[in-house]
S.K.: 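Here's a structure for you.
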Protein chains: 2
Amino acid sequence: MLHLALRPCIISLVVQDSIQILQTQGYRVTKPRRQVLEVLKEAKEPVSPYDIQRLLRQQGKYLNHVTIYRILDLFCRLNLAHKVLSNGGFVKCTLGSKEGCHRFMVCRCCGVLREFVDEELCKKESKSAVNLGFHTEYHLSESSGLCSDCYRKRFGE
Amino acid sequence: MLHLALRPCIISLVVQDSIQILQTQGYRVTKPRRQVLEVLKEAKEPVSPYDIQRLLRQQGKYLNHVTIYRILDLFCRLNLAHKVLSNGGFVKCTLGSKEGCHRFMVCRCCGVLREFVDEELCKKESKSAVNLGFHTEYHLSESSGLCSDCYRKRFGE
DNA sequence: GAGCTAATTGCAACAATGTTGCATTTAGCA
DNA sequence: TGCTAAATGCAACATTGTTGCAATTAGCTC
């Protein structure tokens, strides 16, 4: 109950956090940037730049696609968002400045995405690479499978 | 010495392997498919469909880009090649039917790519995901860093 | 609150990448 | 050699991403 009541606050705090990061880094807080943040906040799945444009248009708002590309570039540089390579979409970052590479799990059924960090995995992966003569700087890791809901629907409890 | 002498044979065997796989799976061995295999064999870095078209054109050969897309689709389905998402290019698979997901290390300096398998990593990553309620079916893992040559050039021995 | 200025956005035009349907060609067979 | 399904080429189009420059605006000063 409390949980449900709190949720909107928690979520909008995330947007507020992003706005503060923009400000402290010397970037302006503009209407287009707010709008893209809102869309990313609401999205359950990765959204492409043109998806974002469509979603905004449905709300009677218009952004040029070039603007959206540039905003997403900025957000990715500041780690406020990530590009999901397996589908070309973007998601807001849910981990903040947590150390280690940010890994994704994407449900192939409903498309929902979960982000996580696992320092031990990073270390092991780097070690594996060193054995092949490669010196890792960062990982990119995306897994595909079924989220708990979709798994339950198919295979029962 | 022997090592050097053998190399060409080993490499062309890889193309020969791919051709046999095509045949045994009931696909035809056509000139365009051979040509794409050759390009992938020679390429040290991932190549895009249009890269392949350009490279062939330099040899006086012409393939329609649609044909190249379809051939690469087929090769990926048969695991004769992989798409490298971090740069959109394709590479020939160097691991054959080895079990486990195929991981890449890409040198950010010279672009060279190394493919490897690490079953233990796969297991750990899947376990990590299960803890978040996700049931993994396959991983996609690409790391960026420096290969041994480029590392040496920058940081000495 | 008005005015200033660099940062940001919009616009236009273009480049690159990827897809579809259908006519033509060809590999692999009898 | 001829046949036929598989594969390729072609044309047209859809989507995605980029560049340079003019117009707008956020955030500052006064």
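Reckoned from all heavy atoms, side chains included, excluding hydrogens, waters and symmetry mates. Chain naming here is simple, since letters A, B, ... match the order of the sequence lines and numbering starts at 1 in each.
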S.K.: When the C1' atoms of the five terminal pairs at each end define the local axes, what inter-axis angle does the helix from C:dG1-D:dC30 to C:dA30-D:dT1 show, to 10 degrees?
M.R.: 30°
S.K.: Between C1' on D:dA26 and CD1 on A:Ile19, what's the gap in Å once rounded to a whole number?
M.R.: 13 Å
S.K.: OH of B:Tyr69 versus C1' of D:dA12: gap in Å, rounded?
M.R.: 16 Å
S.K.: Check the distance between C:dC29's P and B:Gln23's CD and give it to me in whole angstrom.
M.R.: 9 Å
S.K.: Please classify the nucleic acid contact of B:Lys83 as base, sugar-phosphate, or nothing, using heavy-atom distances under 4.0 Å.
M.R.: sugar-phosphate
S.K.: Within the 4.0 Å limit for protein heavy atoms, which parts of nucleotides 6-11 of chain D are touched? Write it as a string from 5' to 3', B for base, S for sugar-phosphate only, - for none.
M.R.: BSBBBB
S.K.: Closer than 4.0 angstrom, basic N to acidic O: yes or no for B:Arg103 and B:Glu115?
M.R.: no
S.K.: Whole angstroms only, please: what is the CG-P distance between A:Leu72 and D:dT16?
M.R.: 13 Å
S.K.: Would you name the heavy atoms of A:Leu140 and B:Ser86 that are closest together and state the gap between them?
M.R.: CD1-CB, 4.2 Å
S.K.: Parallel, tilted or perpendicular: which describes the rings of A:His65 and A:Tyr50, with under 30° parallel and over 60° perpendicular?
M.R.: parallel
S.K.: Measure the distance from CG on B:Asp73 to P on C:dT20 and round it to the nearest whole Å.
M.R.: 10 Å
S.K.: Kindly indicate, with the supporting measurements, whether the criterion side-chain contact (heavy atoms from CB on, under 4.5 Å) is fulfilled by A:Glu125 and A:Thr136.
M.R.: CA-CA 9 Å; A:Glu125 197 156 8; A:Thr136 304; over 6 Å; no
S.K.: Tell me if a side-chain donor or acceptor on B:Asp73 pairs with a main-chain N or O of B:Arg70 at a distance below 3.5 Å.
M.R.: no
S.K.: Mind checking whether B:Tyr151 and A:His135 have parallel, tilted or perpendicular rings, split at 30° and 60°?
M.R.: parallel
S.K.: Please report the C-alpha distance between A:Met105 and A:Leu113 in whole Å, then the side-chain angles of each, then the deciding distance to 0.1 Å, and finally whether the side-chain contact (heavy atoms from CB on, under 4.5 Å) criterion is met.
M.R.: CA-CA 6 Å; A:Met105 269 290 334; A:Leu113 182 141; over 6 Å; no
S.K.: A:Gln53 has an atom CD; how far is it from atom C1' of C:dT9, in whole Å?
M.R.: 13 Å
S.K.: Quick one: on DNA chain C, does B:Arg34 or B:Arg54 contact a more 5' nucleotide (nearest heavy atom)?
M.R.: B:Arg54
S.K.: Between A:Phe90 and A:His82, is the ring centroid distance below 6.0 Å?
M.R.: no
S.K.: Does a side-chain N-to-carboxylate-O contact under 4.0 Å join B:Glu120 and B:Lys123?
M.R.: no
S.K.: For B:Tyr50 and C:dA16, is the shortest distance between a side-chain N/O and OP1 or OP2 below 4.0 Å?
M.R.: no
